[in-house]
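Here is the structure we will look at, set down as structure tokens.
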Amino acid sequence: MKKEKKKKVKTVYLEDKGETIYSMAALYGRTPEEQEEFNRKRKGNDATPSERLAMIRAAFSVYGPMLLIVVGGFALSALLMYLFLK
């Protein structure tokens with residue numbers, strides 16, 4: 001007699017419909033109604049000035065060290081060329 005193989009259960013992923021399960025307004029110290037009003041006021045804007053400043057600072061903190069390494073490498077190579085070709 002042959003044993004029947006168990007079929008593998010296929011995982012089905014649900015598509016994100018953009019529904020809010022829980023309001024995160026309390027994280028900012030607002031009630032859900034205040035958060036909705038805030039969102040209505042800000043609808044056309046991408047970010048508030050403080051958020052924009054925070055994004056710029058974060059970008060500089062990430063890319064700044066890499067930029068300094070590249071500039072330092074060019075300066076070091078220029079210094080070495082100057083010393084060896086003198």
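Just so you know, residue 1 is the first one in the sequence shown, and it goes up from there.
Taking a 4.5 Å side-chain heavy-atom cut-off between Ile, Leu, Val, Met, Phe, Trp and Tyr, the cluster of Val70 extends to Phe74. Membership of an apolar cluster is not assigned to Met55, as no side-chain contact below 4.5 Å to another ILVMFWY residue is traced. Other cluster members for Met66: Val62, Tyr63, joined by side-chain heavy-atom distances under 4.5 Å among Ile, Leu, Val, Met, Phe, Trp and Tyr.
For Ser50, the side chain to side chain donor-acceptor pair (under 3.5 Å) test picks out Thr48, with sequence neighbours left out. Scored by the salt bridge (charged side-chain N to carboxylate O under 4.0 Å, His left out) test, Glu37 finds Arg40 as partners (sequence neighbours excluded). By the salt bridge (charged side-chain N to carboxylate O under 4.0 Å, His left out) test, Glu36 is found to be paired with no residue, residues two or more places apart in sequence or in another chain being considered.
In Phe38, the CZ atom is crowded: over 12 heavy atoms of neighbouring residues, nucleotides or ligands sit closer than 6.0 Å.
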